[in-house]
Each structure stands twice: as C-alpha cells, then as structure tokens.
Amino acid sequence: MSRFAPADLEELRDAVGEALAVEEPLEVVAGGSKRGFGRPLQLPRLLDLSRLAGIRDYQPSELVLTAGAATPIEEIDAALAEAGQMLAFEPPDLGALFGLPEAVAGQRTLGGALACNLSGPRRIKAGAARDHFLGFRGVSGRGEVFKAGGKVVKNVTGYDLCKLMAGSFGTLAALEEVTVKVLPRPEALSTVMLWGLDALAAVRTLSRAVASPHDERLLAELGSDCEASSLDDQASIALWRAVRDVLPLAGFGDRAIWRVSVAPSRGGELAEAISRRLETNWYLDWAGGLLWAAIAGAEDGGATVIRDAIRGADGRGTGHATLIKGSPELRRSVPVFEPQSPPLAALTSRIKDGFDPRRILNPGRIVDGT
Amino acid sequence: MRMPMPDAALIERRADIVGALRRIVPGEGVIVSEAERRVYESDGLTAYRQLPLVVVLPSTVEQVAAVLRYCKEIGIKVVPRGAGTSLSGGALPLADGVLLGMAKFNRILEIDYDDRCAVVQPGVTNLAISKAVEHAGFYYAPDPSSQIACTIGGNVAENSGGVHCLKYGLTTNNILGIEMVLMNGEIIRLGGKHLDADNYDVLGVMTGSEGLLGVVTEVTVRILPKPTTARALLIGFPTTEDAANCVAEVIGAGIIPAGMEMMDRPAIHAAEAFVKVGYPLDVEALLIVELDGAPAEVDHLIDKVEAIARNRDATTIRPSRDEPERLAFWSGRKAAFPAVGRISPDYYCMDGTIPRARLAEVLTRMRTLSEQYRLSVANVFHAGDGNLHPLILYDANKPGEVERAEAFGADILKLCVEVGGVLTGEHGVGVEKRDLMGTMFDECDLAHQQRLKCAFDPDGLLNPGKVFPQLHRCAELGRLHVHAGRLPFPDLPRF
C-alpha cells in the first residue's frame, strides 16, 4: 500500500488527482483512531491527512473555530478550555472500546469526529456533530478543490453540504479545513442518580426528567420512589465521559458492539427484547434514545434480532443500528450501517456519483459499491 | 432578474396539461382562471411577480407523487409553495411551470410527548405546532417572524430561524424526520422519531434546499419543554460600538441568551413611534437581551448581563419586572418591519451574516453607501449570531428608486461577504441573491452543489432559476476531467 501525506491543499488535490488518473482508490485517514469502524477496506493507497493540522482561527466571542481537518481533538479541547468553551457535541474517544494503544487512541481528530458524526451524551440538548459543523474546504473524488458553508454561526447560503459531509466517512471528499461552532462550558455540573429501576421504569423516568424544568424540583420529584444520590463537577464530568466513550462496554473483548438510535421511549423495551434473545450487555444514553449493546454468540453479531426489534411488532418503529465494532469478517458479512429502502439507496448512490464518480475515496466504507 | 426562458410550445399545451392534472387532482384542486392564479403570483418578496401556468393543490402524498411523475414525463417545471412568505422569492412562479401549493396538507397527525415530537403535514403553520402543544408545557423552538402564517414545510425548505435560534437552533436542528417526494415520483422517508442519520444525512441537505431537491409531504419536529422563566433586559448605548462590545462580552462571559437583538437609531425611533413601549430615544443602539431557564439561573444571568452593560457605559438598563413588560420590550422589535413600513412607502429587507467583531465597521460603511445611494437604512440585527437585517427605505413610485435600492442591497451583501460573512443568514438565496452567489462561491464550489441537485432532479425541473446563477445540464456537470499521463506528481511526499 502506498502512503500519501499531503502537507497542504494543493498537495491534497494532487494526491486525489493522481489516484483518480491511475484509478487506484484511496483509504482516507487522519489520526486513524476510527479505522476499525465501518466496512473493512483493502485499498491500494492510503491518504494520510494528518499533516493538515493546526488551529487557524479561533475567536471565542464569535463562537467559531477554524482548524486543519486533522487537528487533534486534544489540541482543540485545550484551546477551548482556556477560553471557557467546549465542543458541545462531545466527540467520543473510542480508543478504549477498540482496544487501541494510547498513541493511536490519542490521535482522534476534529475532521474524523465530523466525518463519522459521532456525538456524546450532551447531544440531546446541544445537538450532534453535524449541528456544529459550519463550513469546510476539501477535495472531492473528482480531484477538485471546493468549499461550502461559512465561518459564521448562522448561514443558509446554498445547500448545507456540511450535513452531507458529517457521517459520510470520507466517501465524498477529503476534508482539508473545517469550521465548527463552539459553546461556553457550563458554570457548574450536577448529575442526579436514581437506583434500582428496571429498564422500562428507568426510561419513563428519563422521559419525565428531560421534559421537566431542570432545577431543584426535579430531584424531589424523581427521587420520591427510589433511592437517589448525586455527583457534582469533576465526578459528574468523569461519569459522563465514561458514558460518552462507551467505557461500560470496553471490557467485552471480541463481542460485537452496536450503537442503536431509536425513539427515546422505546429504548427500554428494545434493550429487553434484544436481551431476551441474545447474550447482551447494554446501557442507554440520550434519555433512552441511544442503546449501546455488546452482543455475544450470534453468528451475524445480532444484526437480525436488533434490526427486527427496531421495527417492532407493528413494523413501524424508526431507528438505525450501526455495528461500531466487530471482526473484519463480521463487518464484511452484515451491513455495518442500517440498510436503506431501495429508492433511498439509489439516491445515496447518485449522491456519491456526483462527488466521487470513479469511487476513489473510501469506496465500500459505508456500503459495498459506494 | 432573468428567469429561465419560458417554453412557448409548452404554454400552448396548457389545456392538455390542465386536463391531465385534473385527472390526478380532481375538483377544486386545479386552479386555472387568471383571477385565482393571481393570488400565487408572488411571495413575500413582492418586487417579483409572475403568473404560474397552472396551480395544483394536492391533498395526498400519492397525488403529489403522481403530479411530479407526470410533470417529469412531459418535462414541465414545478415550483413548490407553502404559505408564500419567503423573503427571497423562493416560491416565485414560472410562466411555463406548475405551482404546487401544499396548503391542503394542514393536519397535525400525531403528538408524542413521551418522545417529545410531533408529526405534522407540511402545510401546518409554525405557530400552530406550538399552540397545539402549549397546554402540556411544550413548544416548537424556531420562531421566524412570519410564524403566524409560514408553514413548517416552507420552514424545512428554507431552514428558517428566528430570534431564539442563537440558543435553540434553526429548523435543521429541530426536526427529526420527513417524508418527501422526488421529482420522479418516488416517495422517501428520512429519519423518524430517533436522532441522526445512518449513512448520508439526506434530511440535513433537504433542509434549506429551497424547494430544489424534493417536495416535503410530512415533517416530524422536536418539541421542547417551555422554560419556566424568561426575562428580558432593555439596554441603550451612546454608540453602536459600545453595544457590539457588550454583546461580545456577554458571549465571552459564557452566556448564551435565548435572544439578543440590536436596533439602530432609525429602527428604534420607527418602532417607538409605532408601538410606544418606552424605548429610549437618546441612544444610538438598543439591545434586547432575553435569558430563560430556571428562575434562579435567570436572575443570576440577568445580574451578570446588567453588570457587563454598566461596565460598557450603557445609558439605559431596564430588566423586565413581569411577563407583560418582557412582551412589551419585544413588541417594538417584532413590529420593527411594519414600523419602518409606516415611515417609508416601501422597504427592502436584507439578510447577511457577519462576524460580530466587524459590526461597527460594517455599519459605518453602510452609512457611506446610504449617502452614496441617497436612500435611508434602518438596522435590526440578531446581534447574538451576527445576522443583520438592514431595511432599505425607498419609494417604488419614484423613478429609479427600486433599482437603487436593489443595488444598495447587493452592495451590503457583498460587504458582508468581504468581511468574512455570508449572503444570507435565514431568508435564503431564492431569486433575490441568486446572482450574488459568485461573490461567495467559485464555479467549482457551485458545480459541486449543482451535482447534488442532479442526484435528486437530473432534468432540473424542480424550482429552476432559484439559488444558482447559471443552469448547467447534469450531463455537462457530470463530465470528469482526468488528466491521465500527468503522472507522477513529483512534489508529493510519499512514504
């Protein structure tokens, strides 16, 4: 595999242009911390973006930060912390889950977090990675430099291509520079913990919690029928970081790890339905709307059971299950991402055609053939 | 404004087309008479008018799909329309195009408090959603000033904002799913009651696509619990620089207000003359800062903002004491457009966004332009997110003033881009800013956007003439320029 590490936009364009000319597809990586996520790739060329790094503009009072796409999240977090701000979508660090050595795990980048649209627990209130992605510049699979969005927090000029890039796993363009919205850190943090509820009761309680005013009345109301305790500031931050980074499921070795997004009220029943059929360890985030599950023993890693459970008995349930971690064989044999309806799959393929007609960028990372 | 050349041969076949559409949408759903079509000739950007070939008002998704399929087969252009409140001409009809009105899709289908969402048809108005859930303590956050009339389908098409979007986001941050119909008649469901997309975020690009990619036939919106308390501060400053510095300092202090609005002297005077709410008249800039949340949090933040304002030499600082007073503070701002309409026969509302640090400079240059074009301008400004709404005052009955107002407006938007901002913060490009797209994007940027259009509508039949200054055929856009033999690239580091 030949490796290309462009140092600037022009070299990036040349690297893609050359791959296009010789029809040798590129695997696009930055820090490489999420290479195990998605369908396994075996491509002749590696496009390493890690030199496209560094914060280029940061104005705390404008709530905007522009950086090279491969800027390490650690570097961004440090700069933001100095101004009392944060990336409110809380990009997870999946290093422990993937069992990566510290050196690789620490290499997660801003562009990588955006390209995978990964968001942490605060997503239900602050929005996802895609909601904080304001603008970018990059090179499409046509070997052409283009930009979209802007460097201000409010903008509706042209199609919102940032949304399309978020979650596209490098299959449409190699990002060179990105602009994100940043937000103030909370002044104080407190976590309320309620003990001893079963899955269904817990989800009902979570639902009441997010629908009620967040003040001292909440604890009084929710803690009335079970044991309650609370965590403040540093302890609270540590707890939610563990939730964000999927640490509760990090010790399950070779199990298939699934991330399932459903209507929040259905999280509890979904977890129970899957547990009844498969050996499962799980937890719920997003007030019940996000299920993390570690599945053992199933030949398809649990894909069929999970995806049937999402649709539910009446077939009308909405949601999607993503195989975050699994052996390469498993990730080749079951759809890693939720299968789409035929017209949506066709549309998705046509979108890929527009940006990458020769399938040069990460082909097959999301779906075989695109 | 040049629109695509109407197809005379197609217009001649109008009777056939009407007949075919009547077979799909029976009864009153097909509007033919000139008097009735006149209702649809323009949207909120009234400077542009055009009678549509025919108006169709379907009432089911199957009818929408059949109309689009038929139009694709014959090669008829289609312009979708909600309530027609667009300020950028997004729903401007075409002489040889079908106007597809979605007004009959006016039902709220489901309200799901457990999942904090509502499933509604696209013709439901923005405010009707909040009204339907307010008894349970919920609301729908985006609140464009046209919210009494504008529809949620139009909000999706335009990615509408409002005064509270600094804290609560635009439409794109507040919807969970849609059902849509492609120009080829295919019905596609995106999202649902869950968060985020797997695979490409098609919902994300549909939002704000200005009716060029598909027709929305159902929307699932997030609803939020209403904050228990909201209070506002009225703060007056001797200079706009002081006001801008105050805004930057509030945000720098880690406060994201629910709303933070600025008005300049002409806007303050016009609003006060209209609604008489006690705005100070001896200031150059007025801020309305609203904080919401739990009572203790709101009181704490009001004190902090007040301290910052005092430190920045504010000459007026008035916190609202009760709900009627908070609403009074807002009533002047919300009436700013009609208030300006009282002092001038016509006004033209602009919508650029700038980095806030450049505000004083932009206002100064706007004053110079105002003298140059001999037209007054009043400014209202979503100060928190840098979204400017300069209102250019003119008189359409005076020869040359319309043209001068348009040229002045274009110069303001170019200025926004020059200082690092964008052409439109929330009103959309439409026909209005179409020809200015080149100031922000180069041809390659625009070609990438138009290729997305090709994936949805390869014949370019859906709302053509909007957003993009030039129409290119998809075959031409799709052509790949590979320079085989220009190998290898000697300067490229390899490992």
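Throughout, protein chains are lettered first and strands after them, A, B, ... in sequence-line order, and every chain is numbered starting at 1.
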| note | Under 4.5 Å to a heavy atom of chain B? For A:Pro264 that would be both
| Contact leader toward chain B among A:His320, A:Lys352, A:Glu144, A:Arg350, where contacts are heavy-atom pairs under 4.5 Å | A:His320
| query | With only heavy atoms counted, which part of B:Val205 is less than 4.5 Å from chain A, the side chain, the backbone, both or neither? | reply | both
| query | Minimum heavy-atom separation for A:Ile366 to A:Gly167, with atom names? | reply | CD1-O, 4.0 Å
| task | Give, as side chain, backbone, both or neither, the part of A:Gln340 having an atom under 4.5 angstrom from any heavy atom of chain B. | result | side chain
| said: Restricting to non-hydrogen atoms, name the atom on A:Arg130 and the atom on B:Gly204 that form the minimum distance, rounded to 0.1 Å. | reply: NH2-CA, 3.6 Å
| Given the rule in the salt bridge (Lys or Arg N to Asp or Glu O under 4.0 Å) test, do B:Lys193 and B:Asp112 qualify, once you have shown the distances and angles that lead to the verdict? | CA-CA 9 Å; B:Lys193 292 183 179 179; B:Asp112 178 348; 2.9 Å; yes
| task | Let me know if A:Val64 has heavy atoms under 4.5 Å from chain B in its side chain, its backbone, both or neither. | result | neither
| Part of B:Gln449 within contact of chain A (heavy atom distance under 4.5 Å) | both
| query | Among A:Asp160, A:Leu20, A:Thr157, A:Val152, which has the most heavy-atom pairs under 4.5 Å with chain B? | reply | A:Thr157
| task | For chain B, find which of A:Leu46, A:Leu63, A:Leu161, A:Asp353 contributes the most heavy-atom pairs closer than 4.5 angstrom. | result | A:Leu63
| field | chain A contact via B:Phe468 - which portion, at a heavy-atom distance below 4.5 Å | value | side chain
| With a 4.5 angstrom heavy-atom cut-off, which part of B:Ile354 approaches chain A: side chain, backbone, both or neither? | backbone
| message | Among residues at least two apart in sequence or on other chains, which ones pass side chain to side chain contact (heavy atoms under 4.5 Å, CB included) with A:Ser168? | response | A:Met165, A:Thr171, A:Leu172, B:Tyr200
| query | Where is the tightest heavy-atom contact between A:Ala19 and A:Ile360, given as atom of each residue plus distance? | reply | O-CD1, 3.6 Å
| Pick from B:Met440, B:His194, B:Lys453 with the largest number of heavy-atom pairs that fall under 4.5 Å of chain A | B:His194
| field | B:Glu443, CD atom: more than 12 neighbouring heavy atoms under 6.0 Å | value | no
| field | Which portion of A:Ala346 sits near chain B, non-hydrogen atoms under 4.5 angstrom | value | neither
| Charged N to carboxylate O below 4.0 Å: is that the case for A:Arg311 and A:Glu338? | yes
| said: Between A:Ser207 and chain B, with a heavy-atom cut-off of 4.5 Å, which part of the residue counts as in contact: side chain, backbone, both or neither? | reply: both
| B:Arg434 portion near chain A, given a 4.5 angstrom heavy-atom threshold | neither
| request: Begin from the C-alpha positions of A:Phe133 and A:Phe89 and carry the test ring pair (Phe, Tyr, Trp, His ring centres under 6.0 Å) through to its verdict. | output: CA-CA 10 Å; A:Phe133 193 3; A:Phe89 62 94; 9.2 Å; no
| field | Most contacts with chain B, counted as non-hydrogen pairs under 4.5 angstrom, among A:Ala173, A:Gly289, A:Ser140, A:Ser119 | value | A:Ser140
| task | Identify which part of B:Asp445 has an atom lying under 4.5 Å from any heavy atom of chain A, answering side chain, backbone, both or neither. | result | both
| note | Counting heavy-atom pairs under 4.5 Å with chain A, the top scorer among B:Val467, B:Asp196, B:Thr353 is B:Asp196
| said: If we define contacts as heavy-atom pairs under 4.5 Å, which of B:Leu446, B:Leu212, B:Leu224, B:Leu182 has the most with chain A? | reply: B:Leu212
| request: Could you look at B:Glu210 and say if it's the side chain, the backbone, both or neither that has a heavy atom under 4.5 Å from chain A? | output: side chain
| note | A:Val156 and B:Val429 have their tightest heavy-atom pair at O-CG2, 4.5 Å
| query | Just wondering, do B:Ile175 and B:Leu203 contact through their side chains at under 4.5 Å, heavy atoms? | reply | yes
| Is a donor on one side and an acceptor on the other found under 3.5 Å between the side chain of A:Arg142 and the backbone of A:Arg358? | no
| query | Does any heavy atom of chain A fall under 4.5 Å from the side chain of B:Leu477, the backbone, both, or neither of them? | reply | backbone
| field | Region of B:Leu213 that comes under 4.5 Å of a non-hydrogen atom in chain A | value | side chain
| query | When only pairs under 4.5 Å are counted, which of A:Lys147, A:Gln85, A:Glu187 shares the most heavy-atom pairs with chain B? | reply | A:Lys147
| request: Let me know if B:Arg356 has heavy atoms under 4.5 Å from chain A in its side chain, its backbone, both or neither. | output: both
| request: Among the options B:Gly169, B:Gly161, B:Cys444, pick out the one with the most heavy-atom pairs lying under 4.5 Å from chain A. | output: B:Cys444
| field | Residue among B:Asp114, B:Leu166, B:Ile255, B:Asp385 with most heavy-atom pairs under 4.5 Å to chain A | value | B:Asp385
| remark: Turns out that what part of B:Ala248 lies under 4.5 Å from chain A's heavy atoms comes down to both
| field | A:Arg123/A:Asp131 salt bridge by N-O under 4.0 Å criterion | value | yes
| request: Look at B:Ala197, B:Gly421, B:Cys454 and state which one has the largest set of heavy-atom pairs under 4.5 Å with chain A. | output: B:Ala197
| message | Whether A:Asp48 and A:Arg3 form a salt bridge (side-chain N of Lys/Arg under 4.0 Å from carboxylate O of Asp/Glu) is what I want to check. | response | yes
| field | A:Phe169-A:Phe337 aromatic ring centre distance below 6.0 Å | value | yes
| Is B:Ser88 close to B:Thr424 at the side-chain level, that is, under 4.5 Å between some pair of heavy atoms? | no
| task | Go through the side-chain N and O atoms of B:Asn159 and B:Thr207 and say whether any donor and acceptor fall under 3.5 Å apart. | result | no
| Is it the backbone or the side chain of B:Leu195 that comes under 4.5 Å from a heavy atom of chain A, or both, or neither? | both
| said: Report which part of B:His427 has an atom under 4.5 Å of a heavy atom belonging to chain A: side chain, backbone, both, or neither. | reply: backbone
| Of all heavy-atom pairs between A:Ala7 and A:Arg51, which one has the smallest distance, and what is that distance? | CB-NH2, 3.4 Å
| message | Please classify the contact between B:Leu170 and chain A as side chain, backbone, both or neither, with a heavy-atom cut-off of under 4.5 Å. | response | side chain
| Between A:Ala148, A:Gly150, A:Pro343, which residue shows the highest count of heavy-atom pairs closer than 4.5 Å to chain B? | A:Pro343
| How close do A:Trp258 and A:Pro335 get, heavy atom to heavy atom, and via which atoms? | CH2-O, 4.4 Å
